[in-house]
Amino acid sequence: MKIGIVVAYHNFVNKFILPCLNSILSSIKHEKIIYVFDNESSHKDNYKVADFCNINNEFNYIRIDDQNKNGGLTAVWNKGVDLCIHNECDIIFIINDDILINETWACFVSSITEDNTIYGPLTNNPGHAWTNKNGVKIQYSNNRNGRHEDPIKVGFINGFCFGCTSKTFVNNMYDEKHYFNPYFPFGGNETEFQIRLFNLKPTSDKKQNQKILDLLDLHNRAVIVPKCYVYHYKNNAWRISGGGKYSKYQFS
């Protein structure tokens, strides 16, 4: 079993991306390859990320000098998935830089068995999440203790951390070159992907696509793995110029 991980970051070197990469290094025992995309960071310690990847052979640092011209986060995801498939990964994960994983990641990997299905972990902060008929956010948990349930079917998976088999990406390409719709460069890409994955028709409006997902009942193609828990800071790095909870850490 070989897994691939795609993670992009924009500044926040010491606060987010380095702790994230260290958590991957210490917690994942499977054969793995990680693509770390530096989306135009100008942090004074940015060299630390490149050094980390040079020291650890499974990590690959890729610099993007103009993220807008390159196509934003979506272009990074498309390129990362392509590289993982080229390197014969069986499972591919897309993660944000503001998460910390732990040993429960092994449960995540072992639960991803079906093609044409998207999987997600539990987290302390999923952001927008599918809510069941009792008003419970299924992807939410205060901590990783006491959650030993079997995988749970949901309506959709939050895009901050998700995994699929490589065949899922190949089987559900946006067109001959892209897995994610390039017309959603910084938001809505995982939403549009899931709508297509669920055999629904996406629109060109990301808010409308979100409404489509909100109306879904649980089904077989979106699964939460309760045995896996990741800590999520939920930092909006792409919109940090407008302020934000962690904005003071962008260059510190």
Side-chain angles (χ1 to χ4, degrees), residues 1-7 24 27-28 30 32 77 80-81 84-85 89-96 99-173 179-180 188-200 202 209-210 212-232 234:
M1 173 73 72
K2 184 178 183 180
I3 69 173
I5 297 178
V6 179
V7 55
I24 293 172
S27 302
I28 300 180
H30 296 82
K32 59 187 177 292
W77 284 9
V81 170
C84 289
I85 290 173
C89 293
D90 301 291
I91 297 172
I92 301 171
F93 297 94
I94 308 288
I95 69 172
N96 285 9
I99 71 168
L100 298 173
I101 72 170
N102 52 68
E103 72 278 0
T104 64
W105 193 269
C107 299
F108 200 9
V109 175
S110 63
S111 296
I112 300 178
T113 57
E114 299 293 328
D115 296 330
N116 303 315
T117 303
I118 185 170
Y119 296 81
L122 283 182
T123 180
N124 62 301
N125 200 339
H128 190 80
W130 185 76
T131 305
N132 69 9
K133 61 182 180 181
N134 296 319
V136 176
K137 283 187 174 183
I138 298 300
Q139 199 165 2
Y140 168 79
S141 180
N142 281 321
N143 54 55
R144 60 181 177 171
N145 297 324
R147 297 303 298 265
H148 300 293
E149 299 94 336
D150 293 329
I152 302 172
K153 298 174 184 177
V154 294
F156 62 89
I157 304 295
N158 187 288
F160 79 96
C161 177
F162 62 93
C164 303
T165 64
S166 293
K167 288 183 179 180
T168 298
F169 287 106
V170 173
N171 292 346
N172 297 277
M173 295 185 71
Y179 306 93
F180 298 96
N189 43 9
E190 79 278 8
T191 302
E192 194 274 345
F193 174 75
Q194 288 185 67
I195 291 176
R196 286 189 286 109
L197 180 63
F198 304 154
N199 290 327
L200 300 172
N209 288 340
Q210 191 65 65
I212 293 173
L213 287 185
D214 286 339
L215 293 174
L216 293 181
D217 200 351
L218 59 85
H219 53 86
N220 292 325
R221 293 195 172 185
V223 176
I224 296 296
V225 181
K227 291 182 180 180
C228 178
Y229 173 87
V230 303
Y231 186 87
H232 184 210
K234 196 178 184 296

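- In this structure, I112 and F108 approach most closely via the heavy-atom pair CG1-O, 3.3 Å.
- Under the 4.5 Å side-chain criterion, counting only non-hydrogen atoms from C-beta, V154 is not in contact with V223.
- Judged purely by atom type and a 3.5 angstrom limit, T123 uses its side chain to pair as donor or acceptor with the backbone of V230.
- Checked against the 6.0 Å centroid threshold, F193 and W77 do not count as a close aromatic pair.
- Using a distance-only test at 3.5 Å, with no hydrogens or angles considered, a donor-acceptor pair links the side chain of S166 to the main chain of C89.
- Under the salt bridge (charged side-chain N to carboxylate O under 4.0 Å, His left out) criterion, K227 pairs with no residue at all, not counting sequence neighbours.
- Minimum heavy-atom separation, N124 to Y140: O-CE1, 3.1 Å.
- Annotation for K153 and N220: closest pair NZ-OD1, 2.7 Å, computed over non-hydrogen atoms.
- Side-chain atoms of I3 and I28, non-hydrogen and from C-beta on, do get closer than 4.5 Å to each other.
- A donor-acceptor contact under 3.5 angstrom links the side chains of T165 and D115, judged on distance only.
- Checking side-chain atoms of T104 against main-chain N and O of Y229 turns up a donor-acceptor pair under 3.5 Å.
- Rounding to the nearest 0.5 Å places SG of C161 at 14.5 Å from OH of Y119.
- Annotation: side chain of V7 is not in contact with side chain of N96 (no heavy-atom distance under 4.5 Å).
- The backbone N or O of H128 lies less than 3.5 Å from a partner atom in the side chain of N158, making a donor-acceptor pair.
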Show, in sequence, the C-alpha distance, side-chain angles and deciding distance for F198 and N116, and conclude whether the side-chain contact (heavy atoms from CB on, under 4.5 Å) test is met.
CA-CA 8 Å; F198 304 154; N116 303 315; over 6 Å; no
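- The backbone N or O of C107 lies less than 3.5 Å from a partner atom in the side chain of S110, making a donor-acceptor pair.
- With sequence neighbours left out, the side-chain hydrogen bond (donor to acceptor under 3.5 Å, both in side chains) criterion links E114 to no other residue.
- A 4.5 Å side-chain heavy-atom check between N132 and L218 finds every atom pair outside the cut-off.
- Y179 and F169 have perpendicular rings, their planes meeting at more than 60° on a 0 to 90° scale where under 30° would count as parallel.
- Shown here are the ring-ring contact (aromatic ring centres under 6.0 Å, His included) partners of H30, two or more places apart in sequence or in another chain: there are none.
- The main-chain N or O of G120 is never found under 3.5 Å from a side-chain atom of Q139 such that the two would form a donor-acceptor pair.
- Although no hydrogens or angles enter the test, the distance criterion places no donor-acceptor pair under 3.5 Å between the side chain of R144 and the main chain of C228.
- Listed for the W130 side chain is a donor-acceptor partner under 3.5 Å among the backbone atoms of L216.
- A distance of 12.0 Å separates CD1 of I24 from CG of N102, quoted to the nearest 0.5 Å.
- Formation of a donor-acceptor pair under 3.5 Å by the N134 side chain with backbone atoms of V136 is not found in this model.
- Taking each heavy atom of P151 and P226 in turn, the nearest pair found is CA-CD, 3.8 Å.
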Decide yes or no on side-chain contact (heavy atoms from CB on, under 4.5 Å) for E190 and F162, but give the supporting numbers first.
CA-CA 9 Å; E190 79 278 8; F162 62 93; 4.2 Å; yes
Please evaluate residues F160 and I99 with respect to the criterion side-chain contact (heavy atoms from CB on, under 4.5 Å), reporting the C-alpha separation (whole Å), side-chain torsions for both, the decisive distance (0.1 Å), and the verdict.
CA-CA 8 Å; F160 79 96; I99 71 168; 3.7 Å; yes
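- Between L200 and P202 the shortest heavy-atom distance is O-CD, 3.4 Å.
- For the atom pair CG of N189 and CD of Q194, the computed distance is 10.5 Å after rounding to the nearest 0.5 Å.
- Between the side chain of T168 and the main chain of C164, no donor-acceptor pair closer than 3.5 Å is present.
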Kindly indicate, with the supporting measurements, whether the criterion side-chain contact (heavy atoms from CB on, under 4.5 Å) is fulfilled by I195 and E192.
CA-CA 5 Å; I195 291 176; E192 194 274 345; 5.8 Å; no
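- Heavy-atom contacts from other residues, nucleotides or ligands closer than 6.0 Å to NZ of K2 number more than 12.
- In this structure, V81 and V6 approach most closely via the heavy-atom pair N-CG2, 4.0 Å.
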